Amino acid sequence: MRRRSLLIAVPAGLVTLAGCGDDDKSDSSKASDSASPSPTDSASASAPPPPKIVDGPLPAITAGTKFGEKPTVAKGTGDPSKQLAVKTVIAGGGKTVAENDFIQAHYLGQIWSTAKVFDNSYDRKTQLIIQLAQGGIIDGWRYALTGKKTGSRVEFSVPPTWGYGTEGNSQAGIKGTDTLAFVVDIQDTFNGKSSAKGTDVPQSDAKLPKVGTNTDGKAPSIDIPKGDAPTKLVAEYVIEGDGDEVAANSSVLVQYKGVLWDTGKEFDSTYSRSALTSFSLEQVVKGWAQGLTGKKVGSRVLIVIPPSLGYGDSPPAGSGIKKDSVLVFSVDILAKM
């Protein structure tokens, strides 16, 4: 079973994409495999007031000092701050991180008083992708990283008030009195204006829908041709990115728009909500899972889903999708989680 950081809250997949009978494959079940921290129920039930951001003290980074390298962090000396100590160790020049963005980052977390590392993404060779939203991550991360730029290495300490409260996190070996020290390398940030990045691919098949290639964060157009819909799954690049290929069990962060073949009417879209969506391909309809498997991160993909790989005769209530509808999607694969 794939190991995930407990910093991650359960991804918010859309109801209209959810497959049936996949409860045993949910990300919430996978999250229990890790010994790293996530917000506990008690810690996220009532948010404390914002902390004061102070310069220190912070433990020294004694090795792995370059951006993207696994750091070695010394044990904290003396008493840690009761506020949030934050230091930009390496200043990046990229995009500015805003609250509620999804960030892509490598990180290491350890306990101040013992230097015990309770989790790090460097050893997993998989960057963390997580939303800086209240209730989705410990508050210390939200306050420490908002306003920082991609390409930055940030070190910060989190006292229990903005970490796990007085209960701590027993799975991660964190007591209710422990202050935590983190080093985070911010690789990228995504929000409701994020789009695919890559090379436009010719759309020469007149029998297939044409998808807009704009990358300004606005919803692309989807023009449905006259004639019968395909009877088999279609999954074609509109824009081809150069990132990693998506696996059948990957979780992805996406922008998407869905319309009905028969009418061209939009029935679902992240653009209209100005909010990205993340989910496991094991949790969505078969057409999505099969259509995105093998596609590259950074791409925009046209997916045409026949009823047999969509909702068939059981569309979601209130979705506006009729029985045996052919579904057409434009999907921007922003990141693989």
Side-chain angles (χ1 to χ4, degrees), residues 1-11 25 27-38 61-73 89-90 92 94-95 97 101-111 115-132 136-138 141 144-145 148-156 169 171-173 180-190 194 197-198 241-254 276 278-283 289 292-299 333-337:
M1 188 175 289
R2 184 166 57 93
R3 188 174 184 268
R4 290 171 57 89
S5 168
L6 284 185
L7 280 166
I8 302 175
V10 177
K25 296 180 181 179
D27 277 358
S28 58
S29 67
K30 293 178 182 178
S32 62
D33 293 338
S34 176
S36 55
S38 67
I61 300 175
T62 58
T65 57
K66 295 181 180 179
F67 183 86
E69 290 184 341
K70 179 184 175 181
T72 300
V73 182
V89 181
I90 299 172
K95 296 175 287 186
V97 175
D101 278 7
F102 285 82
I103 63 165
Q104 183 173 9
H106 270 308
Y107 75 101
L108 178 142
Q110 67 185 44
I111 296 172
K116 178 186 176 183
V117 175
F118 54 79
D119 193 31
N120 85 90
S121 64
Y122 301 92
D123 288 346
R124 290 193 292 274
K125 295 180 171 54
T126 301
Q127 297 173 15
L128 171 72
I129 298 176
I130 193 166
Q131 189 176 20
L132 296 182
I137 191 170
I138 57 174
W141 272 61
L145 299 180
K148 303 300 183 184
K149 292 184 180 294
T150 58
S152 296
R153 166 168 283 191
V154 183
E155 183 182 15
F156 54 100
N169 184 320
Q171 181 178 349
L180 311 177
F182 290 98
V183 175
V184 178
D185 289 333
I186 308 172
Q187 308 280 344
D188 208 343
T189 188
F190 306 95
S194 297
K197 296 179 182 179
D242 60 2
D244 294 340
E245 290 188 358
V246 175
N249 64 346
S250 292
S251 290
V252 291
L253 179 68
V254 300
L276 305 179
S278 61
F279 47 73
S280 167
L281 293 189
E282 295 177 300
Q283 293 178 292
L292 292 183
T293 297
K295 296 297 189 285
K296 298 174 185 177
V297 172
S299 300
I333 310 170
L334 302 178
K336 184 174 74 169
M337 305 173 73

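Every value quoted in this text rests on a predicted model; they were computed, and no experiment measured them.
Evaluation of the side-chain hydrogen bond (donor to acceptor under 3.5 Å, both in side chains) rule for Lys295 yields no partner, not counting sequence neighbours.
The nearest pair of heavy atoms linking Ile61 to Thr65 is O-CG2, 4.0 Å. Heavy-atom minimum distance, Val184 versus Ala105: CG1-CB, 3.7 Å. Considering every non-hydrogen atom in both Ile137 and Gln131, the closest pair reads CG2-O, 3.8 Å. The minimum heavy-atom distance between Val73 and Ala115, with the atom names listed, is O-CB, 4.3 Å. Contact between Gly241 and Ser299 at its shortest, heavy atoms only, is N-OG, 2.7 Å.
Looking only at side-chain heavy atoms (C-beta outward), Gln187 and Phe67 come within less than 4.5 Å of each other. Residues Asn169 and Phe118 form no side-chain contact, since every pair of their non-hydrogen atoms from C-beta on lies 4.5 Å or further apart. Proximity of Phe102 to Ile130: side-chain heavy atoms (C-beta onward) are nowhere separated by under 4.5 Å. Looking at heavy atoms from C-beta onward, Lys148 lies out of side-chain contact with Thr189 at the 4.5 angstrom threshold. In this structure, Ser121 and His106 have side chains that are in contact, with non-hydrogen atoms separated by less than 4.5 Å.
With rounding to the nearest 0.5 Å, the separation of CD in Gln283 from OG in Ser251 is 7.0 Å. The NZ atom of Lys296 sits 6.5 Å away from atom CD of Glu245, with the distance rounded to the nearest 0.5 Å. Residue Asp188 holds its CG atom at 9.0 Å from CG of Leu334, rounded to the nearest 0.5 Å. To the nearest 0.5 Å, the span separating CD on Gln171 from CG on Asp119 amounts to 10.0 Å. Atom NZ of Lys70 sits about 3.5 Å away from atom CG of Asp123, to the nearest 0.5 Å. Rounding to the nearest 0.5 angstrom, the gap separating the CG atom in Leu145 from the CG atom in Asp101 is 11.0 Å.
Listed for the Ser278 side chain is no donor-acceptor partner under 3.5 Å among the backbone atoms of Leu253. In this structure, Ser250 contributes its side chain and Val252 its backbone to no donor-acceptor pair below 3.5 Å. Side-chain atoms of Arg153 come within 3.5 Å of backbone N or O of Lys66 as a donor-acceptor pair. A donor-acceptor pair under 3.5 Å links the side-chain atoms of Thr150 to the main chain of Lys95, judged by distance alone.
Enclosure of atom NZ in Lys197 is not indicated, since only 12 or fewer non-hydrogen atoms of other residues, nucleotides or ligands lie within 6.0 angstrom.
Each of Trp141, Phe156, Tyr122 was evaluated against Tyr107; a single residue qualifies, Trp141, per the ring-ring contact (aromatic ring centres under 6.0 Å, His included) test.
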**Request:** Start with the C-alpha distance between Leu281 and Asn249, add both sets of side-chain angles, then the distance that settles side-chain contact (heavy atoms from CB on, under 4.5 Å), and finish with yes or no.
**Result:** CA-CA 6 Å; Leu281 293 189; Asn249 64 346; over 6 Å; no

**Request:** Evaluate side-chain contact (heavy atoms from CB on, under 4.5 Å) for Val183 paired with Val89, printing each intermediate quantity in order.
**Result:** CA-CA 9 Å; Val183 175; Val89 181; over 6 Å; no

